[in-house]
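Before any comments, here is the structure.
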Amino acid sequence: MAVEVCICLKDHLDSVEKIQDISPLEGDLEWVEDEIHTKEIAFVEVEEEDNKRKPIVVILVGAPGSGKSTFCDHVMRVSTRPWVRVCQDTIGNGKAGTKAQCLAMSVTSLKDGKSVLIDRCNLDKEQRADFVKLGQSHKVDIQAMVLDLPAKLCISRSVKRTGHEGNLQGGKAAAVVNRMLQKKELPKLNEGFSRITICQNENDVRAAMDTYGALSSADTLPSGCFGEKKTDNKVQVGIMKFLKKVDAPSKVSSDKTIPGSSSRTTKENPTLNEGQEQSGTCPLEGVPTLAFPSISTADFQFNIEKASEIIVETVEEFVNKIGNARLVLVDLSHGSKILSLVKTKAATKNIDPKKFFTFVGDITKLRSRSLHCNVIANAANWRLKPGGGGVNAAIFDAAGPELDTATKKRAGSLTPGKAVTVSLPSTSPLFSKEGVTHVIHVLGPNMNPKRPNCLKNDYNMGCKVLREAYSSLFESFASIVRHQEKLSDSSCVEPDAIPHCDQKVRREEASVAEKNKKFKGFIEVAESEKWDALDGKQNATDCGKTGGHVKKDWGTWSQALYRIAMHPEKHKNDVLEVTDDVVVLNDVYPKAQKHLLVLARAEGLERLADVGREHLPILRTLHAVGLKWAEAFIKENESLIFRLGYHSAPSMRQLHLHVISQDFNSKGMRNKKHWNSFTSPFFLDSVDVIQEVREQGKATLKDDDKLLSMELRCNRCRSAHPNIPRLKSHISICKAPFPAHLLQNNRLLHAPIKDDPC
DNA sequence: GTTCTAGAAC
DNA sequence: GTTCTAGAAC
């Protein structure tokens, strides 16, 4: 029991008020702490049985706009632990608050047995020291919650906000945030923290919110540094370098007890679990692993001998396509016939036992058997409904209603031979307890006359469908692994530091949709789209390559230009000019006052990636036609300035040159992608493309999607703006000269500059 | 309450 | 490419 010896808050606040009168905001307040001690606010030694109710002090660390208050609000709203938010911006009741007031309030709160969230910037060690000492003197855990978000994001939020408690908003915010970040000093454990959580993007923040939000009075969080960057990027110079989707490397440790955390610490040198059938395997956390049951051999009564052959053959086909990832056939019963058959057949085929092995155990409780599988397969029913017994019932039971809900969002039913991947919400017990991030529902052939779609002993069809089922399953798993590898590669994490930690998983989950979007229509996504097997939308039938690039599989909507290029006579109302080589038309959704497209009419020339030296004549023709139109527009309106160029990765099929005026004054210019596709290096000037193709045989594409999500910067003065409306109001008045590189090599087309008569 | 963004669907 | 819309931000 925490017992107050003596305290008079009023005395403290009186003292604090006096101090405030003579102290600068961030002055040395050590003696306040001493004063507090002399008044003696302390806890009587807390005994072991009460340790669980010990309050904690969480010191937020982050620039204005990093989301400290949002974090506090969320945690206080959802956590059952009593919290007090100590906010310097509000503590002064309208006047500027002081650190001393924050310290005093913290003391009072701890005295009341409440945990404390220190909501102030605390960006350097010195700022944090008093709060650390305070916690130490009261023998409570001091934890740091670092919101190390991109400067650009903090600035954007700060600039935008109105009514901020600390009156830091609008134009001055950017300068303040930048200045503060120059002094940023990430906390270290040796400052006195028992736990440090570093969040570097909004997904990390959400994960941390969940972790702290889940804390009841009795819960504790493991000690250590979570999400630590490999290098301390202390100085964030300027905002230009900060892209919105910065996802810095992280190294996260574990927490087995709190949902929203994950485990790694205990599994560095695992021993084989007794349930493990195959030797030579290592149940390491972090190795992507698919646990799957034998499909169709239980209730669907598929012949076990045939099934085992199909399993091993399909495994053999896939096992080398999934890197270091592992496949594990799981069965609940010891002496399982299917396991022994598969094990024997796998051995005869010399399948690497580290990549494929069998395991006896409950597929929903593998982590507790020291086998961490981030993906599990479910032998589903065609309705994708919970219940029914067997593996399906067990998985839906273990995953909670979250799986049912998430499954419904993905698909309503499943065809035999198909698989559908469902991302498990972090709130699912299977996620939090077992570290399972995805469930792949798979439906095999049914040979049981009492079940739907019985094949009536037609094993020709049955084997075909079962093989297809395993292929779909493994392909879906491979797709997940590929996504994870891409993310790992891009985050530069040390190879041994890629556990399936919660924060990483959340980042991955959040990024999957983005990755899908990036590759939408390409082979990569066609594979992941098989997650949604029933949608029938994956149409990656065209898997050929053109010009060394994966050929894009264009959707219906993206074929409009192609259709016009091939049959301009059917679009007479839309086209402005037709020749044997090109079609000119207004962009249907112009992004500027004048915005034309010059289409190449050659079949098979779908995008810039297809262009080689042999296409130089058509590139020159496109340029010449574009130039002619731009000059005509300039003649009509001398204030217009044009660029001619290509998108590195166009959305529409058929090579097309944009002829676009640089005012970008159009209601069609509506979002960041639009803006950046014409003002970032994603837009390749026609003159440069021609030169590169002539000299190198191809254009250097800049199709990194980071370019399209870059911060919004004026195309003239390069100033940053928080959103499209603000940007548009800026560019409507900005008369700054264009960046120097655009002024060279005729990249910009404009009216002749008249000689100054003076 | 409104504004804005971003993802899903097309 | 757009439209629609949920949800974040304010």
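Each chain gets a letter, A, B and so on, in the order the sequences are listed, and its residues count up from 1. Computed over heavy atoms, backbone and side chain alike; hydrogens, waters and symmetry mates excluded.
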ask   = Would one find a side-chain N or O of Arg206(A) under 4.0 angstrom from OP1 or OP2 of dA8(C)?
value = no
Minimum-distance nucleotide (side-chain atoms of Met652(A) versus dT2(C), dG1(C), dA9(C)) = dG1(C)
key: Rounded distance (Å) that lies between atom C1' of dC4(B) and atom CD of Glu202(A)   = 14 Å
inquiry  = Treating Asn201(A) as the side-chain partner and Asp204(A) as the backbone partner, does any N or O pair qualify as donor plus acceptor under 3.5 Å?
reply    = yes
message = Rounding to an integer number of Å, can you tell me how far Trp675(A) CH2 sits from dA6(B) P?
response = 16 Å
Ring-base stacking, Tyr589(A) with dG1(C) (5.5 Å, 30° cut-offs) = no
task = From the options dT3(C), dG1(C), dC4(B), select the nucleotide whose nearest atom is closest to the side chain of Trp557(A).
result = dG1(C)
key: Between P of dG1(C) and CH2 of Trp554(A), the distance in whole Å   = 9 Å
remark   = To the nearest angstrom, the NZ-C1' distance between Lys673(A) and dT5(B) comes to 14 Å
note = With the side chain defined as heavy atoms from C-beta on, Asn723(A) is closest, among dA9(C), dT5(B), dC10(B), to dT5(B)
message = Quick one: does any side-chain atom of Asn586(A) pair with a main-chain N or O of Leu596(A) as donor and acceptor, under 3.5 Å?
response = no
task = Under 4.0 Å between any heavy atoms, over every strand shown, what does Ile724(A) touch: base, sugar-phosphate, or nothing? Just pick one.
result = sugar-phosphate
query = Are His674(A) and dT2(C) close enough that a side-chain N or O sits under 4.0 Å from OP1 or OP2?
reply = yes
key: Pair Arg601(A) + Asp581(A): basic N to acidic O under 4.0 Å   = no
message = Let's see if you can work this out: which of dC4(B), dT2(C), dG1(C) has an atom nearest to the side-chain heavy atoms of His647(A)?
response = dG1(C)
ask   = Hey, are His623(A) and Thr621(A) close enough side-chain-wise for a donor-acceptor pair under 3.5 Å?
value = no
remark   = When rounded to whole Å, the CE to C1' distance for the pair Met209(A) and dG7(C) reads 14 Å
Heavy atoms from other residues, nucleotides or ligands near NZ of Lys728(A) exceed 12 (cutoff 6.0 Å) = yes
ask   = Atom NZ of Lys667(A) to atom P of dG1(C): distance rounded to whole Å?
value = 18 Å
inquiry  = Without decimals, in angstroms, what is the distance between Leu712(A) CG and dA6(B) C1'?
reply    = 13 Å
query = Looking at the side chain of Lys591(A), which of dG1(C), dC4(B), dA6(B) is the nearest nucleotide?
reply = dG1(C)
ask   = With a 4.0 Å cut-off on heavy atoms, is Ser651(A) in touch with a base, just the backbone sugar-phosphate, or nothing at all?
value = base
ask   = Rounded to whole angstrom units, what separation is found between the CG atom of Asn586(A) and the P atom of dG1(C)?
value = 16 Å
